[in-house]
Each structure stands twice: as C-alpha cells, then as structure tokens.
Amino acid sequence: MFKDIISEFRLLLDNGYKEIILTGVNIGKYNDAGRALPELVAGILELQGEFRLHLTSLDPESASDELISLFADRRMVKHLHLSLQSGSDSVLRRMNRPYTRAVYIDAVNKLKGIDPDFNFTTDVIVGFPGETDEEFSDTVSIVKEAGFSHIHTFRYSPRPGTEAANMDDAVPEIVKTGRSKTIIDLYMKQKDSFYRKFDGRTGTFLSEKSRGGVTAGFNGHYIPVEIAEKLPRNEFFNIRTEYSHGSYKLKGFIIK
C-alpha cells in the first residue's frame with residue numbers, strides 16, 4: 001500500500017500535476033506494516049519535481065511532532081483543516097473525542113512555530129446536549145486563540161442510533177442559533193484579518209482555471225487568488241498579492 005501510494009504520486013507528477021491532495025477517512029490512522037502517516041508524507045516529499053503536497057484534513061491527536069516537522073518543507077501547503085468540534089474538554093468527553101483542548105492548542109502552536117501565518121480551518125458543533133454558556137465560551141476562546149480563517153459551523157441535531165441522541169439537557173434551538181451566529185461572525189472577522197496579512201506580499205500561485213480573462217487558483221497557504229489575466233492552467237507563477245476588505249480572496253499580479 002505504501003509503495004502503491006508513492007508510485008501513484010510519481011505517476012501523477014510525471015503526467016504534469018503540480019498539486020496533489022493527500023486525504024482519506026481518518027487519514028491520521030494510516031499505517032502500512034508499521035509505516036505511519038509521517039513516513040508516507042516523508043516518502044512523497046522525497047520525490048523529485050516542483051509540486052505542492054496538500055494534507056487537507058487531520059484530527060489533532062494525529063498531529064505528531066514528526067508529522068508537524070514535515071510542514072517546514074517548502075512544498076507543503078501551509079494549511080490544515082484541523083478537526084475541533086468544541087473547545088470545551090467536558091463537551092469533548094461527552095462527544096467521545098480522543099483529544100483535549102490542550103492537545104489541540106499544542107498542535108496549533110507548533111505549526112505556527114513553523115509558519116506564523118499557517119492557515120487553520122475547522123468544524124464546530126454548537127448546542128451539543130448539555131452545552132452550558134461556560135462550555136460554549138471555551139469554544140469561543142479557542143476559536144480566537146487558533147485564529148481560524150474559516151469554520152464549518154453546525155447546530156447539533158440528534159441522529160438516531162447515536163449515544164448523543166439519548167442524552168438529556170437538549171439545548172433550545174434559539175440558543176443554538178445564537179451560538180452559531182456568534183461563531184460565524186467571529187470567524188468572518190478573523191478571515192478578513194488573516195487575508196489582510198497577505199496584502200503586499202509575494203508568493204507562489206498555482207493557476208487552476210480561467211474564465212472571462214480572469215485566472216483563479218490558490219497561493220501556498222490555500223488562500224484563493226484571482227489574477228486579471230488569462231494564464232495557462234496548472235502552472236506556478238511568482239506573484240504579488242493585494243487584499244480588499246470584505247472580498248475574502250486575494251488579487252494577484254504576476255512578477256515579471
């Protein structure tokens with residue numbers, strides 16, 4: 001399996017692909033004959049060529065020091081969708097999540113140590129059964145501390161057959177709606193602040209598609225960029241970026 005994945009990556013690179021996403025269900029638990037995810041990522045990074053490797057999603061308990069250190073490679077996209085759900089340890093226990101708030105923040109801080117502008121996105125569930133105002137405040141505080149640029153926000157709803165569906169202390173819908181709005185308003189402000197960091201910066205842009213004389217793609221931090229030129233697809237360009245408040249994407253200019 002390990003060799004098959006490396007061979008597939010090599011084939012994709014030989015056929016001209018410039019960015020490849022490494023993903024899967026519970027990818028942090030990958031293991032093939034004792035070789036875990038860090039060994040797999042390291043094996044891919046040993047391949048020759050100019051490419052990006054995007055490890056999109058990960059559970060925090062899988063963010064080992066060995067794996068985190070690999071993000072220092074310039075070909076690693078400086079972005080992770082790092083699963084959160086709640087910033088409260090007591091809610092995480094009720095959710096049967098195998099990590100704590102401290103584990104989560106430790107991973108965030110170590111990745112920021114590699115790149116202070118590392119891009120974090122996540123999922124948050126508000127209104128899990130029994131969630132108190134104090135527990136929700138723990139979620140708000142970790143959202144601020146991590147500085148997420150985007151959050152998929154969900155209001156808890158019971159699913160038949162799950163343990164949570166039988167829990168007491170259901171949170172009223174009006175409370176869940178209010179908490180959801182709080183999280184959405186907060187991360188939208190954070191998104192604006194995060195994108196603003198790239199105003200006037202130079203970086204690398206990978207072109208993905210062109211339409212109406214505008215080429216769209218992403219920079220190395222997985223931030224959407226648009227360039228007012230028709231460019232060939234699947235090519236790297238050195239660019240300078242500008243950000244306009246509320247646009248939630250960068251405007252790029254080719255560095256000749």
Side-chain angles (χ1 to χ4, degrees), residues 19-32 34-45 52-126 128 131 135-154 183 186-187 189-191 193-195 197-198 218-223:
E19 179 172 316
I20 304 173
I21 296 172
L22 183 61
T23 189
V25 179
N26 293 328
I27 192 171
K29 298 185 183 302
Y30 169 84
N31 193 297
D32 180 38
R35 287 183 288 196
L37 184 60
E39 285 79 16
L40 177 59
V41 173
I44 293 169
L45 293 174
R52 285 179 183 166
L53 176 59
H54 194 177
L55 181 61
T56 56
S57 182
L58 193 70
D59 290 330
E61 74 275 14
S62 299
S64 66
D65 288 351
E66 185 180 2
L67 180 61
I68 288 172
S69 68
L70 295 171
F71 279 90
D73 191 294
R74 63 179 181 81
R75 293 170 296 174
M76 289 291 291
V77 175
K78 302 304 186 287
H79 163 260
L80 263 182
H81 190 84
L82 196 62
S83 179
L84 176 60
Q85 310 306 338
S86 174
S88 165
D89 282 343
S90 51
V91 173
L92 290 172
R93 284 194 296 271
R94 295 202 297 276
M95 289 179 171
N96 289 321
R97 298 284 169 175
Y99 53 87
T100 63
R101 176 190 182 93
V103 167
Y104 196 98
I105 289 298
D106 184 60
V108 166
N109 288 338
K110 286 175 179 176
L111 285 162
K112 286 185 177 181
I114 290 174
D115 187 328
D117 297 325
F118 200 96
N119 186 9
F120 293 100
T121 57
T122 197
D123 303 301
V124 165
I125 297 174
V126 299
F128 192 79
E131 184 185 59
E135 289 171 329
F136 176 66
S137 293
D138 287 341
T139 296
V140 171
S141 68
I142 201 172
V143 167
K144 292 178 179 178
E145 188 170 354
F148 300 108
S149 71
H150 189 83
I151 299 176
H152 295 297
T153 311
F154 303 94
I183 295 297
L186 177 55
Y187 89 69
K189 291 178 181 177
Q190 291 183 176
K191 181 192 290 285
S193 177
F194 180 72
Y195 282 22
K197 293 181 179 181
F198 295 84
F218 291 86
N219 70 1
H221 288 75
Y222 194 55
I223 299 176

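Applying the salt bridge (charged side-chain N to carboxylate O under 4.0 Å, His left out) test to residues at least two apart or on different chains, the pairs with a partner in residues 88-102 are Arg94-Glu135.
Side-chain atoms of Gln190 come within 3.5 Å of backbone N or O of Phe148 as a donor-acceptor pair. Counting only distance, with no hydrogens or angles, the side chain of Tyr104 and the backbone of Leu82 share a donor-acceptor pair below 3.5 Å. Within the 3.5 Å criterion, the main-chain N or O of Gly34 finds a donor-acceptor partner in the side chain of Asn31. Formation of a donor-acceptor pair under 3.5 Å by the Tyr99 side chain with backbone atoms of Ser62 is not found in this model. Arg75 places a side-chain N or O within 3.5 Å of a backbone atom of Leu45 that can act as its donor or acceptor partner.
Listed here is the closest heavy atom pair of Arg52 and Gly220: NH2-N, 3.4 Å. Across all their heavy atoms, Tyr222 and His54 have their closest contact at CD1-CE1, 3.5 Å.
In this structure, a donor-acceptor pair under 3.5 Å is absent between the side chains of Ser88 and Ser86. Judged by distance alone, the side chains of His152 and Thr122 never bring a donor and an acceptor atom under 3.5 Å apart. Side-chain contact annotation: Thr56 with His81, donor-acceptor N/O pair under 3.5 Å absent.
Considering CD of Glu39 and CD1 of Ile44, their distance stands at 12.0 Å, rounded to 0.5 Å. Note that CD1 of Ile27 and CG of Leu55 are 5.5 Å apart. Values are rounded to the nearest 0.5 Å. Here Phe198 contributes atom CZ and Asn119 contributes atom CG; the two are 7.0 Å apart, rounded to the nearest 0.5 Å. Note: Ser137 OG to Ile142 CD1 = 13.0 Å, rounded to the nearest 0.5 Å. Between the CG atom in Leu22 and the CG atom in Leu40 there is a gap of 5.5 Å [rounded to 0.5 Å]. Distance check: Ser57 OG to Asn26 CG gives 9.0 Å after rounding to the nearest 0.5 Å.
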- request: Evaluate the criterion side-chain contact (heavy atoms from CB on, under 4.5 Å) for residue pair Phe71 and Leu80; output intermediate values, then yes/no.
  value: CA-CA 10 Å; Phe71 279 90; Leu80 263 182; 3.9 Å; yes

Would you sort out whether Leu84 and Phe120 count as a side-chain contact (heavy atoms from CB on, under 4.5 Å), showing the intermediate values? CA-CA 11 Å; Leu84 176 60; Phe120 293 100; over 6 Å; no

Thr139 and Val126: CA distance, side-chain angles, deciding distance, side-chain contact (heavy atoms from CB on, under 4.5 Å) verdict
CA-CA 9 Å; Thr139 296; Val126 299; 5.7 Å; no

**Item:** Full working for side-chain contact (heavy atoms from CB on, under 4.5 Å) between Leu58 and Leu67
**Value:** CA-CA 11 Å; Leu58 193 70; Leu67 180 61; 3.7 Å; yes

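Here the side chains of Ile223 and His79 are not in contact, with every heavy-atom distance at 4.5 Å or above. Counting heavy atoms from C-beta on, the side chains of Thr121 and Ile151 never come closer than 4.5 Å. Looking at heavy atoms from C-beta onward, Tyr187 lies out of side-chain contact with Val124 at the 4.5 angstrom threshold. Taking the side chain as every heavy atom from C-beta outward, Leu53 and Leu70 never approach each other to under 4.5 Å.
Taking Gln85 as the reference, Ser83 meet the side chain to side chain donor-acceptor pair (under 3.5 Å) condition, with sequence neighbours excluded.
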Hey, can you pull the donor-acceptor pairs under 3.5 Å for the side chains in residues 107-118, sequence neighbours left out?
{"residue": "Asn109", "atom": "ND2", "partner": "Ile105", "partner atom": "O", "Å": "3.4"}
{"residue": "Lys110", "atom": "NZ", "partner": "Asp65", "partner atom": "OD1", "Å": "2.6"}
{"residue": "Lys110", "atom": "NZ", "partner": "Asp106", "partner atom": "OD2", "Å": "3.0"}
{"residue": "Lys112", "atom": "NZ", "partner": "Glu145", "partner atom": "O", "Å": "3.3"}
{"residue": "Lys112", "atom": "NZ", "partner": "Ala146", "partner atom": "O", "Å": "3.1"}
{"residue": "Asp115", "atom": "OD1", "partner": "Asp117", "partner atom": "N", "Å": "2.8"}
{"residue": "Asp115", "atom": "OD2", "partner": "His221", "partner atom": "NE2", "Å": "2.8"}
{"residue": "Asp117", "atom": "OD2", "partner": "Arg201", "partner atom": "NH1", "Å": "3.0"}
{"residue": "Asp117", "atom": "OD2", "partner": "Arg201", "partner atom": "NH2", "Å": "3.4"}

